[in-house]
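The structure appears right after this line, and notes come after that.
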Amino acid sequence: MDNLNQYSQGWEQFVQRGTSAPVKQRCQANARERDRTQNSVNMAFNALRLLIPTEPPDRKLSKIEVLRLAGSYITHLDNQLYTGDMEQPCLKHNDFDHKNTPLCTFCWSSVKKEKSTATRTHEYYQVPY
DNA sequence: TAGGCCATCTGGTCCT
DNA sequence: AGGACCAGATGGCCTA
């Protein structure tokens with residue numbers, strides 16, 4: 001991977017040294033793709049990551065966690081609006097239609113705070129929805 | 001050491 | 001034709 005990194009970092013000089021047109025085009029495409037993933041995709045992930053509450057607050061979510069939890073969080077907020085309950089809206093909402101539905105991640109967080117069980121942070125993200 | 005996560009490269013497809 | 005977007009492949013880093 002070191003060779004690859006050196007190549008990536010120095011591709012401009014590599015191209016300037018008189019390489020063939022297809023190689024030059026490929027290097028330019030690589031650079032564009034690198035720039036797109038860094039400045040477009042990753043920045044979007046970071047922006048979304050900032051909107052999702054975590055336990056502990058400084059925990060960095062992986063990309064797949066960001067996607068999954070974003071969906072859960074939207075549902076949670078939607079249920080807050082629907083039920084008016086700011087603590088466990090999903091539990092209350094589920095009481096209306098889906099019995100025995102597991103507690104949502106974010107409702108579970110408020111349960112945790114009530115019980116002050118600070119040692120169970122690992123389980124926090126195991127909740128299925 | 002295995003598995004998860006990530007960055008990067010690459011080729012294909014679609015759009016302008 | 002060239003650029004944007006996407007998905008698959010690959011290899012490095014980190015952690016349990």
Side-chain angles (χ1 to χ4, degrees):
Chain A
M1 196 59 169
D2 283 347
N3 290 339
L4 200 60
N5 283 334
Q6 284 169 12
Y7 171 76
S8 297
Q9 288 158 11
W11 74 270
E12 291 92 347
Q13 295 127 14
F14 181 74
V15 169
Q16 282 167 1
R17 264 186 254 132
T19 50
S20 64
V23 173
K24 184 177 180 177
Q25 280 187 338
R26 188 62 259 176
C27 289
Q28 288 172 334
N30 290 349
R32 280 195 305 272
E33 179 64 10
R34 216 181 304 131
D35 186 66
R36 191 184 70 86
T37 53
Q38 287 172 356
N39 295 323
S40 182
V41 179
N42 288 350
M43 279 182 71
F45 266 106
N46 288 334
L48 186 56
R49 191 177 275 129
L50 290 175
L51 299 176
I52 302 172
T54 62
E55 184 71 25
D58 61 344
R59 183 182 188 278
K60 190 189 178 188
L61 299 172
S62 69
K63 290 180 177 178
I64 187 66
E65 285 174 323
V66 168
L67 292 179
R68 286 177 175 153
L69 287 170
S72 304
Y73 194 43
I74 290 169
T75 302
H76 177 79
L77 295 176
D78 191 40
N79 286 341
Q80 277 188 344
L81 282 176
Y82 182 75
T83 65
D85 184 345
M86 304 306 283
E87 297 301 317
Q88 296 169 38
C90 303
L91 183 65
K92 182 172 280 187
H93 180 70
N94 290 331
D95 279 347
F96 295 141
D97 37 33
H98 312 300
K99 296 284 182 188
N100 303 319
T101 308
L103 203 56
C104 109
T105 301
F106 302 97
C107 289
W108 206 76
S109 175
S110 64
V111 171
K112 264 187 52 191
K113 283 175 188 166
E114 284 176 14
K115 294 184 177 178
S116 300
T117 51
T119 57
R120 299 180 67 191
T121 52
H122 177 68
E123 294 174 34
Y124 179 62
Y125 293 102
Q126 306 288 322
V127 182
Y129 102 102

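These figures come from a predicted structure and were not determined experimentally. Naming convention: chains lettered A, B, ... in sequence-line order (proteins, then strands); numbering from 1 in each chain.
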Q) What is the bend of the helix from B:dT1-C:dA16 to B:dT16-C:dA1 when you compare the axis at one end with the axis at the other, using five pairs each and rounding to 10°? A) 10°
Q: May I have the distance from A:Asn30 (atom CG) to C:dT10 (atom P), rounded to whole angstrom?
A: 16 Å
Q) What is the distance from CZ of A:Arg32 to C1' of C:dC6, rounded to the nearest Å? A) 14 Å
Q) Does a side-chain heavy-atom distance below 4.5 Å link A:Gln28 with A:Arg32? A) yes
Q | Partners passing ring-ring contact (aromatic ring centres under 6.0 Å, His included) against A:Phe45 (at least two apart in sequence or in another chain) | A | none
Q. Over how many whole Å does the gap from A:Arg36 atom CZ to B:dC9 atom P extend?
A. 13 Å
Atom pairs, N/O to N/O, protein against nucleotides 4-6 of chain B, distance under 3.5 Å?
| residue | atom | partner | partner atom | Å |
| --- | --- | --- | --- | --- |
| B:dC6 | OP1 | A:Lys63 | N | 3.4 |
| B:dC6 | OP2 | A:Lys63 | N | 3.3 |

Q) Does any non-hydrogen side-chain atom of A:Lys63 lie less than 4.5 Å from one of A:Asn42? A) yes
Q: Kindly indicate whether the side chain of A:Pro89, heavy atoms from C-beta on, has any atom under 4.5 Å from the side chain of A:Phe106.
A: no
Q | Donor-acceptor side-chain pairing of A:Arg26 and A:Asn30 below 3.5 angstrom | A | yes
Q) Atom NZ of A:Lys24 to atom P of C:dA1: distance rounded to whole Å? A) 17 Å
Q.
When you measure from the side-chain N and O atoms of A:Gln28 to the phosphate of C:dG2, is any distance below 4.0 Å, counting only OP1 and OP2?
A. no
Q: Could you state whether A:Leu67 and A:Leu69 fall into the same hydrophobic cluster, counting links through intermediate Ile, Leu, Val, Met, Phe, Trp or Tyr residues with side-chain heavy atoms under 4.5 angstrom apart?
A: yes
Q: Run the numbers on A:Gln80 and A:Leu77 for side-chain contact (heavy atoms from CB on, under 4.5 Å), then give the verdict.
A: CA-CA 5 Å; A:Gln80 277 188 344; A:Leu77 295 176; 3.6 Å; yes
Q. Taking only residues two or more places apart in sequence or in another chain, which ones pass side chain to side chain donor-acceptor pair (under 3.5 Å) with A:Ser62?
A. A:Glu65
Q) Considering residues at least two apart in sequence or located in another chain, which fulfil the side chain to side chain contact (heavy atoms under 4.5 Å, CB included) criterion with A:Arg68? A) A:Ile64
For nucleotides 11-13 of chain B, which of its nitrogen or oxygen atoms have a protein nitrogen or oxygen under 3.5 Å away, and what is each distance?
| residue | atom | partner | partner atom | Å |
| --- | --- | --- | --- | --- |
| B:dG11 | N7 | A:Arg26 | NH1 | 2.8 |

Q: Check A:Pro57 against A:Thr54 and note the closest heavy-atom contact, atom names and distance.
A: O-OG1, 3.1 Å
Q. What closest approach, in Å, do A:Ile52 and A:Val66 show between heavy atoms, and which atom pair accounts for it?
A. CD1-O, 3.5 Å
Q.
Tell me the interatomic distance from A:Asp35, atom CG, to B:dA7, atom P, rounded to whole angstroms.
A. 14 Å
(Q) Is the phosphate of C:dG2 approached by A:Gln25 (side-chain N or O, under 4.0 Å from OP1 or OP2)? (A) yes
Q. Rounded to whole angstroms, how far apart are CZ on A:Arg34 and P on C:dC6?
A. 19 Å
